[in-house]
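The next block holds one structure in the form of structure tokens; read it before the comments.
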There are 2 protein chains.
Amino acid sequence: MHPPAKPRPITRIQREKQDLILEAALEVFSLHGFRGATIDQIAEVAGMSKPNLLYYFPRKEEIHRRLMGELLVTWLAPLREMDENGDPFSEIRSYIRRKLEMARDFPRESRLFANEMLQGAPRIIEMIEVDLKNLVDEKAKVLLTWMDQGKLTRTDPYHLIFSIWATTQHYADFDVQVRAVLGPGRGGEGRFEDAARYLEQLFMFGLTPKTRA
Amino acid sequence: MHPPAKPRPITRIQREKQDLILEAALEVFSLHGFRGATIDQIAEVAGMSKPNLLYYFPRKEEIHRRLMGELLVTWLAPLREMDENGDPFSEIRSYIRRKLEMARDFPRESRLFANEMLQGAPRIIEMIEVDLKNLVDEKAKVLLTWMDQGKLTRTDPYHLIFSIWATTQHYADFDVQVRAVLGPGRGGEGRFEDAARYLEQLFMFGLTPKTRA
DNA sequence: GTCTATAATGTGATAGAC
DNA sequence: GTCTATCACATTATAGAC
């Protein structure tokens, strides 16, 4: 009946400005959370006027939604890569390494996620309950299989994943504290190397079956 | 010269109202961070009018400052209790247990702290750099001594403390996610028991010297 | 000492100019 | 299609009533 909806052309300037806004919003939302962030501040960081920003994203929530949608995909990628057919120890070890690298290279994304969690995840609870839960269930099953085969110490696979999340993301979310405690000497760029070494030791020894020790 | 400053009498009603406000502020700040929290909301939770609240705390920042000051003391208590003269393993084990109990019993305090960290700790950076750092330095030395004595696997004491913080606080700060992933079955009150068992296993095996294994 | 009316500013959103 | 002047309301804070 109707002619196909004219695919509204996305101009180059539209794409560019949207990217500018999302980049600025990531900066501000990750620091102050959804309610603490102001459109004004986002606009300033993006280098445009507040009303101009609102032309591209008519609502503050739209910006946040877009950000969270893109985030969860990249955020879960490291876990998704954990391969059932690989060697359990090297799979877990590289999962930890990838996750720590994300904390190092994308701390704002980590803080954005943490902020949403702290607030009770009101805007992404559905994604958490479906996409994230499904992925974790799947990988927990893989871990259990490895344990059944005696390749891994028998332990709770869910809490294992939680502890990997917690320890790695800590270096992004609590970065100020980490650097303050380590001081100028050991709080520099080397802190991620130290963390990597420590975490590998913590998890590997904790996971090594007694038959292997 | 001057007569001693008249110790302005703190009436019962003053104390009561201040406690009400601080209780409400904890609730709101822990969910939305400093900027995301509004006096209006705090007043509503506290059951009083906004201007009335501002009579007892003339500035929003005053409320937050008071909250943070009290927080850091109780927050570091578990670590402070770690006793140099005790048995390394039971000391660490009970430290982890105490910390996990705090996450269970005082999740709002945990989230309040996390919120401040995410924002770069602008209002408590000094306390972090002095009080917290000093305590951690002191306890790191204790851990190192234990390692020197061969009672503990040699590892980085700072990152060990970080990982205990991260894994335990995770159950308060990311509670929504934990419960969503565990589902109704294992996400109930038992989740803290499971976490305690898992964490003990993780850290103990990771810390057990090979000569003991 | 206790509390409220009201000011001053900040904030999200829109109607309309270019 | 792109952008800005402006509105309605929320928010912090104060001056002044009880």
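Worth saying up front: this structure is predicted, and the values here are computed from it rather than measured. Lettering follows sequence order; numbering is per chain, from 1.
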Query raised in the report: Quick one: is A:Gln14 getting a side-chain N or O under 4.0 Å of the D:dT2 phosphate, OP1 or OP2?
Result: yes
Query raised in the report: Which whole-number value in Å describes the distance from B:Ile42 CD1 to D:dA13 C1'?
Result: 14 Å
Query - Distance in angstrom units between A:Glu44 CD and C:dT11 P, rounded - result: 11 Å
What pairs of nitrogen or oxygen atoms, one from the protein and one from nucleotides 14-18 of chain D, lie under 3.5 Å apart?
none

Query raised in the report: Is there a residue in residues 22-32 of chain B whose heavy atoms reach under 4.0 Å of DNA chain D, and which residues are they?
Result: none
Requested in this report: State whether A:Asp175 and A:Arg104 are salt-bridged, where the test is any N-O pair (Lys NZ or Arg NE/NH1/NH2 against Asp/Glu carboxylate O) under 4.0 Å.
Outcome: no
Report task. Please state how far atom CD in B:Glu16 lies from atom P in C:dG1, giving the value in whole angstrom units. Result -> 17 Å
Query - Distance in angstrom units between A:Phe57 CZ and D:dT2 C1', rounded - result: 16 Å
Query raised in the report: Contact class for A:Asn52 (heavy atom, under 4.0 Å): base, sugar-phosphate, or nothing?
Result: base
Requested in this report: Assign A:Tyr56 to base, sugar-phosphate, or nothing according to its heavy-atom contacts below 4.0 angstrom with the strands shown.
Outcome: sugar-phosphate
Requested in this report: Using the closest heavy atom to pick a nucleotide of DNA chain D for each, name whichever of A:Arg35 or A:Leu53 lands nearer the 5' end.
Outcome: A:Leu53
Query raised in the report: Between A:Arg108 and A:Glu23, does at least one N-O distance fall below 4.0 Å, as a salt bridge requires?
Result: yes
Report task. Look only at the side chain of B:Trp146 and the backbone of B:Glu84, and say whether a donor-acceptor pair between them is shorter than 3.5 Å. Result -> yes
Report summary line: From CG of A:Leu20 across to P of D:dC3 the rounded distance in Å is 11 Å
Query raised in the report: Can a side chain N or O of B:Lys17 be found less than 4.0 Å away from OP1 or OP2 on C:dC3?
Result: yes
Report task. In whole angstrom, give the distance that lies between atom NZ of A:Lys60 and atom C1' of C:dG10. Result -> 12 Å
Query raised in the report: Expressed in angstrom and rounded to an integer, what is the separation of A:Asp40 atom CG from C:dT9 atom P?
Result: 15 Å
Query - Expected output: side-chain A:Asn134 to main-chain A:Val130 donor-acceptor under 3.5 Å - result: yes
Query - Pair A:Asp137 + A:Lys133, salt bridge at N-O below 4.0 Å - result: yes
Report task. Hey, can you tell me if A:Phe174 and B:Phe113 have their rings parallel, tilted or perpendicular (30° and 60° cut-offs)? Result -> tilted
Show me the donor-acceptor pairs within less than 3.5 Å that the side chains of residues 63-80 of chain B make with the rest of the protein, sequence neighbours left out.
from, atom 1, to, atom 2, distance (Å)
B:His64, ND1, B:Arg123, NE, 3.4
B:Thr74, OG1, B:Leu71, O, 3.0

Report summary line: When B:Leu31, B:Leu112, B:Asn115, B:Val176 are each screened for side-chain contact (heavy atoms from CB on, under 4.5 Å) with A:Leu118, the one that passes is B:Asn115
Report summary line: Between CD of A:Glu62 and C1' of C:dG12 the distance, given in whole Å, is 14 Å
Report task. Using a 4.0 Å heavy-atom cut-off across all strands, classify B:Ala37 as base, sugar-phosphate, or nothing. Result -> sugar-phosphate
Report task. Identify whether the distance between the nearest side-chain nitrogen and carboxylate oxygen of B:Arg197 and B:Asp194 falls below 4.0 Å. Result -> yes
